[in-house]
Each structure stands twice: as C-alpha cells, then as structure tokens.
Number of protein chains: 2
Amino acid sequence: MKKKQFKTLYPRNIETVNGRPLDYCGIRCSMEVLGGKWKLLIVAELFKSKKRYSELKRSIPEISEKMMISSLQELEHHNIVVRTVVEAIPPQVEYSLSKYGQSVRPVLETLFGWGEGHIKKHSDKIFH
Amino acid sequence: MKKKQFKTLYPRNIETVNGRPLDYCGIRCSMEVLGGKWKLLIVAELFKSKKRYSELKRSIPEISEKMMISSLQELEHHNIVVRTVVEAIPPQVEYSLSKYGQSVRPVLETLFGWGEGHIKKHSDKIFH
DNA sequence: ATACCTACTTACTAAAATGTTAGTGCCTTA
DNA sequence: TAAGGCACTAACATTTTAGTAAGTAGGTAT
C-alpha cells in the first residue's frame, strides 16, 4: 500500500518564485488547495454544521464517492477539515471544520457573492 | 468557421437548481467564470494596468499562447476584459478590465490573501 | 437467507484542461 | 536577404480531473 501523494507546488521562496511575484503564488496556492469541482462546496456544507460522511453525501448527492473521499482527504491533509471516528456500532466518521478551516469563510463568501451577482446580472440572457 | 462555444452551466432557476441551494450555484458559477489555471492571474495583471497582448505575455511568461488567448477570450465573453484594437503599424491589441471586471477585485484579494497566509503558515514544513 | 447500512478502496474509463508545435500575413530592422 | 516582432489560429498530444462500477468487512433489519 503506497502512501498517498498530495501536491505541494508551493514556492521555495517567500518573496518571489522563479521571478514570479507573491500575488501570483498566493492565488495559485489558494486554487490548488481549495480549487476543484467539489472542495469548496464540501467546506460550505461543513460551515453549516459538522456532518457524518453519509450526511455529507446526502447533502451533495451529485458527487461521487470517489470525489467525496478524495476531496475530504485533501482538505484533511491541508488541515482544513478534521476527521473524527466515533466508536459506535455501526462506526461513525464525523467531519468538521478545523479552526484553520474557519479561515476559509471569506473565500467562500466572496466567491459565493460574486457568483450570485454574476448569475443575477446575466439572468435575463440565461433564462430565455 | 464554426462559432466558439462558451460554457454556461448556469442554473435555470434563481432560487434553487435541481434542488441545489443558491450558495452552491454561486460558488460553482464563480469557479466556472474565474477558475482555471490562468484567468485570475491575467485579471491580476490587468488590475495593475491595461496591457497589450505581448506585454501580457511577457508578464506571465509561463503561459502558452493558446491558454493566454483562450483565457482572454473567455474573460471577454463574460465581459470582464475588454479587447481594443488600436489601428497602428504594426496593429496593437489592448486588453483592459471592463467596469464589471473591477468587481472581481474582492475575489482576487481574498484568494491572494488566503493563499499568502497559507504559504506563510506552512513555510516551515515546505522549505525543509 | 437476503438485502442493506457504514465508510471507504480499487481499477478502469471518460472527459476536460492544458501544453506543444507549427504556421499565418504584414511590417520593420540588421 | 534573413530574421524577428505582432496577434493570433489550428492540429495534435499529454496531463489532470472527474466519473463508473464493483468490492470490502462488520453489523442490522426483514
């Protein structure tokens, strides 16, 4: 069983990376850690409340098992989400936001806000 | 020459989409319009100042022609970026942010800020 | 006995995103 | 005369991301 590899394309240097300025690195880093089709949606669910795996699945039914698990594992790896096993029968696994995970709130809110605005702005074009 | 197709997976309904709540749609929409490897970096460059195509390329040299062009076309399609042809010899094409494009600033700043924080937080682990 | 629940893992496939290379036509500089 | 800048376009290849389907192991309900 080989260890799972998580990407860390973080820069080697805090000021610039290969001559790239920090804004570039910051944006890239955010997208790497929080980007992808499902991660922010999962985080949004966990902002509402901590949830068991199966509850999480029910709240985002269009996600596949595979993506749910791999997204959760990446979020856990980056210390945004905490996985807790509750000794019970049947065993329960609870996912919640870590303290650090709370820091994602502004990202979530800004993206949600912008997207909502964008939808409203273009709703006449879209809903023909 | 067939017309270029741009995705619009926008919801058909403002309140919920296939039973999905609005936060879900907003986040998805933002990621669709602004996501991807290069778009926000281009927008960040254009926040600094409007730029000609070749200047833009020079400021983000790791991007390929193809991605630069397709990203710019998508951003133009979504009315975030404005393309202006300057009649000169050789002809110049200027890209700048539209008024609507200015609304992306908070998204950019939040992602930049979070990513920068994340890099700093983990810099001890990363820079072994 | 059968089916289903839980929280996953594995192998495989499909689709989407990104990269590579070459080429366009016009003009300018060496 | 050759090379290079400009703003692209097109064909193709590769990489990355996401989806599908099945299996696991212990337990419960029918």
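Values in this document were obtained by computation on a predicted structure and should not be read as measured data. Chain naming here is simple, since letters A, B, ... match the order of the sequence lines and numbering starts at 1 in each. Side chains are part of it too, since the values below use all heavy atoms of this structure and drop only hydrogens, waters and symmetry mates.
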S.K.: A:E87 has an atom CD; how far is it from atom P of C:dA7, in whole Å?
M.R.: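 These atoms are roughly 13 Å apart.
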S.K.: Can you pull the salt bridge (charged side-chain N to carboxylate O under 4.0 Å, His left out) pairs that have at least one residue in residues 82-96 of chain B, sequence neighbours excluded?
M.R.: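 Qualifying pairs: B:K50-B:E94.
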S.K.: To the nearest Å, give me how far apart CG (B:L72) and P (D:dC8) are.
M.R.: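 It is 8 Å, rounded to the nearest whole Å.
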S.K.: Could you tell me whether the phosphate oxygens of C:dA7, OP1 or OP2, come under 4.0 Å of any side-chain nitrogen or oxygen in A:R83?
M.R.: no
S.K.: Return the value, rounded to whole Å, for the distance between atom CD of A:Q73 and atom C1' of C:dC8.
M.R.: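 The answer, rounded to whole Å, is 9 Å.
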S.K.: Starting at CE of A:M68 and ending at P of D:dG19, how long is that distance when rounded to a whole Å?
M.R.: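 Roughly 12 Å, once rounded to whole Å.
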S.K.: Find out whether B:I80 and B:L34 are in side-chain contact, i.e. whether some heavy atom of one side chain is under 4.5 Å from a heavy atom of the other.
M.R.: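 When only atoms from C-beta onward are counted, B:L34 and B:I80 do touch, with a gap below 4.5 Å.
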S.K.: Under 3.5 Å between N/O atoms: give me all the protein pairs with nucleotides 2-6 of chain D, atom names plus distance.
M.R.:
{"residue": "D:dC6", "atom": "O3'", "partner": "B:R52", "partner atom": "NH2", "Å": "3.4"}

S.K.: Could you tell me how far apart A:I69 (CD1) and D:dT20 (P) are, to the nearest whole angstrom?
M.R.: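 Result: 17 Å.
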S.K.: What pairs with B:T110 under side chain to side chain donor-acceptor pair (under 3.5 Å), at least two apart in sequence or on another chain?
M.R.: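 For B:T110 the side chain to side chain donor-acceptor pair (under 3.5 Å) partners, ignoring immediate neighbours, are A:T110.
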S.K.: When rounded to the nearest 0.5 angstrom, what is the spacing between NZ in B:K39 and CD in B:E32?
M.R.: 8.5 Å
S.K.: Just the rounded figure in Å: distance from C1' of D:dT16 to CD of A:E74.
M.R.: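 Taking CD of A:E74 and C1' of D:dT16, I get 12 Å after rounding.
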S.K.: Specify the separation, in whole Å, of atom CD of A:E55 and atom P of C:dC5.
M.R.: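 In whole Å, C:dC5 P and A:E55 CD are 15 Å from each other.
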S.K.: Residues two or more places apart in sequence or in another chain: which of them pass side chain to side chain donor-acceptor pair (under 3.5 Å) with A:E55?
M.R.: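 In terms of side chain to side chain donor-acceptor pair (under 3.5 Å), with neighbours along the sequence ignored, A:E55 is linked to no residue.
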S.K.: Classify every nucleotide of nucleotides 19-24 of chain C by which part a protein heavy atom approaches to under 4.0 Å, writing B for the base, S for the sugar-phosphate alone and - for neither, in 5'-to-3' order.
M.R.: BB----
S.K.: Which residues satisfy the side chain to side chain donor-acceptor pair (under 3.5 Å) test with A:W38, sequence neighbours excluded?
M.R.: none
S.K.: For a quick test of your reading: what N or O donor-acceptor pairs under 3.5 Å do the side chains of residues 100-109 of chain A make, sequence neighbours left out?
M.R.:
{"residue": "A:Y100", "atom": "OH", "partner": "B:H118", "partner atom": "ND1", "Å": "2.5"}
{"residue": "A:S103", "atom": "OG", "partner": "A:Y100", "partner atom": "O", "Å": "2.6"}
{"residue": "A:S103", "atom": "OG", "partner": "B:W114", "partner atom": "NE1", "Å": "3.0"}
{"residue": "A:R105", "atom": "NE", "partner": "A:E109", "partner atom": "OE2", "Å": "3.4"}

S.K.: Who passes side-chain contact (heavy atoms from CB on, under 4.5 Å) against B:K57, sequence neighbours left out?
M.R.: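 Residues passing side-chain contact (heavy atoms from CB on, under 4.5 Å) with B:K57: B:Y53, B:I63, B:E65, B:M68.
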